[in-house]
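First the structure, in the form of structure tokens, and then the observations on it.
Just so you know, these numbers come straight off a predicted model, no measurement behind them. Just so it is clear: chains get the letters A, B, ... in the order the sequence lines come, proteins before strands, and each one is counted from 1.
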Amino acid sequence: MTVFQFGAPSWMISPIVLPLTAGLLCFLFSHKTFTIALAAALANLLAVCFLTCQLLIFGPMRCHMGGWQPPLGITLRTDGPALLMLLMTAVTGLAITLYARGYFTYRIADPRQPVRHQRQQRYFWPLWMLLLAGLNGLFLSNDIFNLYITLELIGISAASLAALSGKPASQLASFRYLMVSLLGSLTYLLGIVFLYRSCGVLDLDVLRNFTAGGPGMRAALALMSVGLLLKTALFPLHFWLPPAHANALAPVSAILSALVVKGSFYLLFRFWFEVFASIITIPALNFMGVLGAVAILWGAVQAMRQQRLKLMVAYSTVSQLGYLFIAFPLARVDGGAQVWSIVIFMALAHACAKSAMFMAAGTVFLHLGHDRIKDLSGVRSSLPITVFAYGIAGVSLMGLPPSGGFIAKWLMLTSSLASSQWWWALVIMVGSLLASIYVFRVMSRFFVIPEGFAFKKPEPLSPLLEWPALALALISLFLGLAASWPLYILATGSTSLAQIFPGGLP
Amino acid sequence: MIYYILTLFDIMLVLTLLWLAWRLLGSEDIFKAVVLFISFGLLMALAWVRMRAPDVALAEAALGAGLTGPLFLSALRRMNRTRKGERRLDSDENRGDDHEPDQEQTQTT
Amino acid sequence: MITTLLYSLTGLILFGMGIFTLIIHSHPLRKILAVNVMSTGVFLILIATAYTPLGQGNIDPVPHAMVLTGIVVSVSVTALALILACRVQETSNLNLLGRKKQGKVPEESSK
Amino acid sequence: MSRTRNRHKRLDGFQRLLLLLIICLITLLCTILWTIPGNTPGLADAVARLQELSGVESPVTAVLLNFRGYDTMLEVMVLLLAVIGAWSLTRAPFSEQMKNTSPVLMGVVRLLAPLMCLVASYLVWQGSHLAGGAFQGGAIFGAAGVLMLVAELPWLRVTPARLLRIGLVLGPLLFVGVALFCLFLTGDLMGYPEGAASWLILIIEAACAISIGLTLASLFAGGRPAGEAREKYNPASQTCDEEGRP
């Protein structure tokens with residue numbers, strides 16, 4: 001049968017269908033939900049690895065849904081950037097799945113409110129699986145309206161997950177998150193309307209051929225960008241992010257911070273540098289860069305001022321998202337090929353480091369019962385693995401060698417100097433300095449031994465609570481040492497990059 | 001001739017829609033706004049028919065007016081019920097309405 | 001052509017009115033209503049794009065399918081947002097009550 | 001009342017600025033819309049050309065369930081997601097009031113609800129050649145359910161939780177199942193085998209209509225199935241600063 005051949009493009013649907021089915025089954029059955037979810041996460045990782053092999057051998061592929069060709073039908077496609085994002089989602093997702101199991105088991109064992117925690121676990125799995133399916137669908141899809149539906153899928157499940165903890169603060173934040181997410185997707189939809197009106201097609205490959213531009217396409221791109229920026233929480237539109245991420249349950253915070261914002265960012269980046277690259281102007285690129293620079297500094301300053309660990313980590317997300325946008329004005333160097341590696345590296349390193357950090361914060365919280373930074377002393381002796389994971393993740397956020405964050409920042413620095421835009425380099429360095437301040441501020445509390453501290457044998461924590469965070473932190477660290485692999489995948493997939501920018505950007 | 005009549009009809013419909021939207025978004029009373037929203041949905045169904053989209057018109061009439069309206073009304077009832085004893089102190093209420101004792105009665109009708 | 005334009009402009013104005021209300025009003029139900037008006041505006045433009053007068057060719061069914069999809073999505077999101085808004089109010093109310101009674105369980109727990 | 005209205009209508013500086021900004025933006029978008037030439041072809045011709053292969057006569061149904069069926073599959077998931085989200089939020093089961101059902105209302109419901117179900121089934125069947133289909137039919141199913149809930153017939157409450165879940169998942173699961181089945185037969189996800197398209201579409205539509213109706217009714221009811229344990233409210237846990245631990 002042709003379907004099961006190694007080179008068949010229909011394998012592409014497995015990262016979507018597997019978590020989707022798992023989500024439905026998790027909702028249907030009340031027992032064994034963790035087993036189903038874990039099986040789906042593992043199978044998803046396997047499928048993505050399989051797709052990577054396929055990509056390395058056969059190059060980029062397209063899969064037409066239902067056999068209908070592009071102008072009418074929906075197309076999925078794999079290429080280097082998409083596969084790296086899928087790999088990021090699969091690896092982080094597997095770690096988060098394991099961590100969530102440990103987290104919920106620990107909390108259900110707490111005799112005070114077992115029913116409530118059981119309910120949280122009961123509904124976490126289907127929501128998380130459907131979110132995973134939505135993310136995979138987003139990275140694979142090549143149809144602009146299909147992307148809208150995956151965005152809605154992600155937005156609704158993310159908002160429901162954010163409200164799961166049941167506290168008033170988290171529900172208020174989640175309501176605001178839902179409204180912002182709706183506003184974002186409606187603006188995006190308005191952009192689709194303008195686009196359909198001027199071009200009459202929805203497929204991204206066909207849209208790329210409309211190089212003439214015109215005011216309709218510009219307006220469409222502007223509207224879609226604003227919608228996606230709202231969902232990505234770039235600086236002036238970031239107001240919803242810290243409360244929503246900091247008040248959620250720890251595994252949910254990890255999902256939201258590491259994966260959900262990356263989805264809309266990836267889309268935005270793809271629009272700017274692939275589909276509509278012909279109508280992008282330099283002032284627009286610089287504008288995004290300026291917003292990114294302000295986000296880096298503002299987020300870092302806010303992170304330094306926070307009193308609670310999870311809020312600090314959430315503001316650090318605002319800051320780190322800024323780096324992704326600083327890459328925009330750097331695209332003028334060497335035909336824009338560099339900018340893809342910068343952004344993908346940054347996204348990979350941040351996803352691993354930030355989810356590790358949120359997991360570590362969650363474990364500290366479970367252990368102490370609070371996350372006030374000033375009362376964190378003595379944690380090192382009771383949770384050494386978690387503190388180690390936090391430290392390594394912090395190294396990656398600061399961008400010290402040999403972490404993945406270092407490679408990304410190094411690429412940024414070299415490109416900004418090569419294109420004689422030294423001011424971006426300055427912002428990057430100051431941002432790293434501020435990051436090291438807020439990371440070390442917490443680190444130093446961990447190592448302080450308070451007066452009269454009697455070391456007692458800590459109650460043993462489940463390994464699921466500590467090891468996934470450490471694994472992710474180590475991945476983010478060694479991403480820098482194995483930098484050639486992602487770059488190789490990226491280069492394989494985007495052979496068409498040279499065609500997109502024949503003579504460099506405008 | 002028929003062209004002009006149709007255009008006149010379009011203009012009337014559009015103006016009514018805009019006026020309804022204005023009223024429903026600006027009215028003091030949420031209950032009234034919800035009722036206006038239901039009629040807005042029904043008129044919208046008329047507009048869909050005019051635009052030769054009968055599928056959308058059916059869906060709008062069934063979903064927009066038939067289900068969204070009851071959803072809003074039941075949510076409103078539940079909110080009023082929880083608010084009976086205690087009023088929220090933070091900003092989620094209508095701004096500055098802490099001097100309006102009559103608003104509660106109008107909403108519960 | 002004039003019909004398409006007329007309805008498109010109406011859709012845009014509805015969208016703008018929705019955004020304004022969404023930002024300035026703080027009542028959750030009003031926000032949800034505003035989002036609904038906004039989405040209706042977008043759908044109106046989309047359907048107007050597909051419109052061709054009777055006897056001048058086929059109607060483009062793709063925007064119709066998109067709008068149907070969009071309507072269903074917006075209804076489900078509206079329902080979820082309404083339930084969330086109710087929960088926000090309930091929990092914060094109960095929270096106030098609980099705080100007033102200094103940790104005693106209120107007799108009517110939840111409804 | 002007039003006094004409050006006056007105060008309500010007065011806009012402060014930020015709001016005035018916002019209003020101005022939005023008016024400018026909308027005007028700009030209006031002019032852009034004006035300048036777009038109205039002669040872009042769209043996909044009408046492509047649909048008309050392939051209509052015969054789709055297995056249904058109505059172009060909208062052909063687009064929804066055949067040409068762009070993948071969109072619809074994901075969208076059914078969005079609906080289900082709303083129910084999962086709603087159930088994860090609420091603490092209380094479906095409300096249990098069954099007190100003062102007036103005979104008039106009961107009579108109306110007894111007459112209307114079967115009629116609505118009939119209309120809904122007809123709409124689903126009609127979807128293959130005229131206006132109608134799974135969404136419209138499902139919406140009317142949902143409206144019938146809502147009507148029964150308004151009349152305080154506790155049908156959702158007496159439905160076993162397991163059965164309700166099966167009903168909710170039926171449409172989406174069948175959709176995915178049919179899509180995969182077609183993948184094995186023809187090599188394309190949702191590439192219906194020749195001749196079977198109309199039947200498969202009708203099956204999907206019927207299942208989805210039932211699920212959509214149940215979804216909408218349970219969203220209206222705004223609770224969880226009674227089978228699951230009810231939680232006690234503990235304000236002490238809510239007032240502490242994080243996640244239920246003091």
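- Interface remark: A:Q171 contributes side-chain atoms only to the contact with chain D (heavy atom separation under 4.5 Å).
- Only the side chain of D:L180 comes within contact range of chain A, judged by heavy atoms closer than 4.5 Å.
- Between the D:T31 side chain and the D:T27 main chain, a donor and an acceptor come within less than 3.5 Å of each other.
- Interface residue A:L130: only side-chain heavy atoms are found under 4.5 Å from chain D.
- With a 4.5 Å cut-off on non-hydrogen atoms, A:L178 does not touch chain D at all.
- For A:L161, no part lies under 4.5 angstrom from a heavy atom of chain D.
- For D:W155, the CH2 atom is densely surrounded, since the number of other residues' heavy atoms within 6.0 Å is greater than 12.
- For A:L131, no part lies under 4.5 angstrom from a heavy atom of chain D.
- Contacts between A:I13 and chain D at a heavy-atom distance below 4.5 Å involve the side chain alone, from C-beta outward.
- A side-chain donor from one of A:Q120 and A:R107 sits under 3.5 Å from a side-chain acceptor of the other.
- Using a 4.5 Å cut-off between heavy atoms, D:V176 contacts chain A through its side chain alone, with no backbone atom that close.
- In this structure, chain A has heavy atoms under 4.5 Å from both the backbone and the side chain of D:L29.
- Between chain A and the options D:L168, D:N66, D:V83, heavy-atom pairs under 4.5 Å are most frequent for D:N66.
- Most heavy-atom pairs under 4.5 Å with chain A: of the set D:I36, D:I32, D:L53, D:D71, this distinction falls to D:D71.
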